[in-house]
Novice: 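Attaching a single structure in structure tokens format; questions to follow.
Values below: every heavy atom of this structure, side chains too, minus hydrogens, waters and symmetry copies. Computed from a predicted model, the values in this text were never measured in an experiment.
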Amino acid sequence: MSISSEHKALGKQVTGSLHTLSPIVELNVGGEMYTTTLSTLKKHPGSKLAEMFTGQPKLRTDSEGRFFIDRPGTYFKYILEYLRSSQVPTQCIQDVYKEALFYDIEPLIKQLEDSPQIFGELVGRRQFLARVPSYSENIELMIRIARAEAVASRHSSVIVCVVRTEEDAARCQDALNSLDMDKKSVVKFGPWKAVPSVSDLLDCIQMDVEAKGYKISFQPHVAEKGFRFKSQDFFYKFLFTWW
């Protein structure tokens, strides 16, 4: 090893050890560089972030001796701003909320959960979907069916049956049996005991499939001639576009 490279390596080692004593801390968060104080990072003693810098730092350092946190660096600036000034972010709320959960900063978590975006998702939408039987499993089933039908095609479609009540479920059973005899796959959602309507659930399905990266749309399913049911009451066709 040359003298210069040996000196550089020693410098990195010294920098890393001095960080444990220095009130000024340099961070590399997912490739984004930040400089702050130790007291700012430890502002909330019960948080995971504070624990990272309590006692001997529990983090690796990068090639320049900065403490490295393997998280999205873009949103750490909002975390840091909150620690510095108690300012709750108004941008990228969903992403900042995920980071607040990771760093376990309880006051920020609670304030974000009071924001319209998080409140609506956690208290409204998720509580509703928790009452729709097998909702997440049905979303995955829709995607599997669509992918299986996508060979050499630009589009593939999935028939979805949505029933709001037990009475609706009984009314469309004959139609489900008919589709099953024709070997057509149908994904059935419901019934559920909650206020949101069929259109609300359809919007949720589209939102959650799109969140997985798929391009999707839906419309009432138009039954073939001879189909003994007013299919548009309960049946919808979700169209996946692949290219």
Side-chain angles (χ1 to χ4, degrees), residues 1-130 136 204 207-214:
M1 180 183 293
S2 65
I3 295 177
S4 60
S5 60
E6 183 177 1
H7 181 267
K8 186 176 181 181
L10 180 60
K12 292 174 185 175
Q13 182 179 354
V14 171
T15 302
S17 62
L18 287 178
H19 269 308
T20 62
L21 301 175
S22 173
I24 307 301
V25 180
E26 292 186 353
L27 300 172
N28 176 347
V29 185
E32 299 281 342
M33 310 307 164
Y34 295 94
T35 301
T36 186
T37 65
L38 193 60
S39 59
T40 295
L41 295 171
K42 297 170 66 175
K43 185 174 182 179
H44 297 285
S47 69
K48 181 177 178 180
L49 184 62
E51 290 180 359
M52 290 178 181
F53 296 93
T54 299
Q56 185 69 25
K58 306 170 181 63
L59 296 168
R60 292 175 293 177
T61 56
D62 66 10
S63 60
E64 298 299 325
R66 293 173 292 233
F67 288 114
F68 179 72
I69 302 176
D70 194 13
R71 294 295 295 180
T74 304
Y75 310 114
F76 189 74
K77 64 182 178 182
Y78 300 109
I79 300 292
L80 202 54
E81 185 60 33
Y82 176 78
L83 296 175
R84 287 168 172 162
S85 62
S86 298
Q87 180 177 333
V88 179
T90 57
Q91 298 177 324
C92 308
I93 300 298
Q94 298 280 358
D95 294 302
V96 176
Y97 179 65
K98 293 177 184 177
E99 297 310 297
L101 289 172
F102 173 78
Y103 294 113
D104 196 20
I105 304 173
E106 193 64 31
L108 177 56
I109 292 171
K110 289 181 178 179
Q111 290 183 71
L112 288 173
E113 287 178 347
D114 285 336
S115 70
Q117 298 94 323
I118 303 299
F119 180 85
E121 174 69 16
L122 294 179
V123 178
R125 205 176 81 93
R126 288 193 189 179
Q127 289 296 319
F128 160 50
L129 295 178
S136 296
C204 287
M207 184 185 307
D208 288 328
V209 173
E210 288 180 340
K212 295 178 180 293
Y214 296 91

Novice: For R84 and T35, work out which heavy atoms get closest and say how close.
Specialist: NH2-O, 2.9 Å
Novice: So does R60 have more than 12 non-hydrogen atoms from other groups sitting under 6.0 Å from CZ?
Specialist: no
Novice: Does a side-chain heavy-atom distance below 4.5 Å link P72 with E99?
Specialist: yes
Novice: Counting C-beta onward and ignoring hydrogens, is there a side-chain heavy-atom pair between P89 and Y75 closer than 4.5 Å?
Specialist: no
Novice: Does a side-chain heavy-atom distance below 4.5 Å link T37 with P23?
Specialist: no
Novice: To the nearest 0.5 Å, tell me how far I69 CD1 sits from N28 CG.
Specialist: 9.0 Å
Novice: When you look at NZ of K42, are more than 12 heavy atoms from neighbouring residues, nucleotides or ligands closer to it than 6.0 Å?
Specialist: yes
Novice: CD of E121 to CD1 of I93: how many Å apart, nearest 0.5 Å?
Specialist: 13.5 Å
Novice: Nearest 0.5 Å, what's the OG1-CD1 distance between T36 and I24?
Specialist: 8.0 Å
Novice: Can you see which heavy atom on L108 is nearest to which on A100, and at what distance?
Specialist: CD2-CB, 3.9 Å
Novice: The test is side-chain contact (heavy atoms from CB on, under 4.5 Å); show your working for E106 and D104 and say whether it passes.
Specialist: CA-CA 6 Å; E106 193 64 31; D104 196 20; 4.0 Å; yes
Novice: Quickly, which of T54, L41, T40 forms a side-chain contact (heavy atoms from CB on, under 4.5 Å) with L49? Name it, please.
Specialist: L41
Novice: With side-chain hydrogen bond (donor to acceptor under 3.5 Å, both in side chains) as the criterion, how do Q111 and S115 come out once you've worked through the C-alpha distance, each side chain's angles and the decisive distance to 0.1 Å?
Specialist: CA-CA 7 Å; Q111 290 183 71; S115 70; over 6 Å; no
Novice: E32 vs F76, test: side-chain contact (heavy atoms from CB on, under 4.5 Å). Steps then yes/no.
Specialist: CA-CA 9 Å; E32 299 281 342; F76 189 74; over 6 Å; no
Novice: Quick one: does K43's side chain have a donor or acceptor within less than 3.5 Å of a partner on L83's backbone?
Specialist: yes
Novice: For H44 and A50, work out which heavy atoms get closest and say how close.
Specialist: O-CB, 3.2 Å
Novice: I need the minimum non-hydrogen distance between G31 and M33, along with the two atoms involved.
Specialist: O-CE, 3.5 Å
Novice: Do you know which two heavy atoms are closest between R126 and L122, and how far apart they sit?
Specialist: NH1-CD2, 3.4 Å
Novice: If you apply the rule side-chain contact (heavy atoms from CB on, under 4.5 Å), what do you find for F68 with T61, and how did you get there?
Specialist: CA-CA 5 Å; F68 179 72; T61 56; over 6 Å; no
Novice: Supply the atom-to-atom distance R125 CZ to D208 CG, rounded to the nearest 0.5 angstrom.
Specialist: 4.0 Å
Novice: Nearest 0.5 Å please: distance from the CD atom of E113 over to the CD1 atom of I118.
Specialist: 7.5 Å
Novice: To the nearest 0.5 Å, tell me how far Q117 CD sits from L112 CG.
Specialist: 9.0 Å
Novice: If the plane angle is over 60° it's perpendicular, under 30° parallel, otherwise tilted; pick one for F53 and F67.
Specialist: perpendicular
Novice: For G73, does its backbone N or O pair with a side-chain atom of Y34 as donor and acceptor, under 3.5 Å?
Specialist: yes
Novice: Would you sort out whether K48 and M52 count as a side-chain contact (heavy atoms from CB on, under 4.5 Å), showing the intermediate values?
Specialist: CA-CA 6 Å; K48 181 177 178 180; M52 290 178 181; 4.2 Å; yes
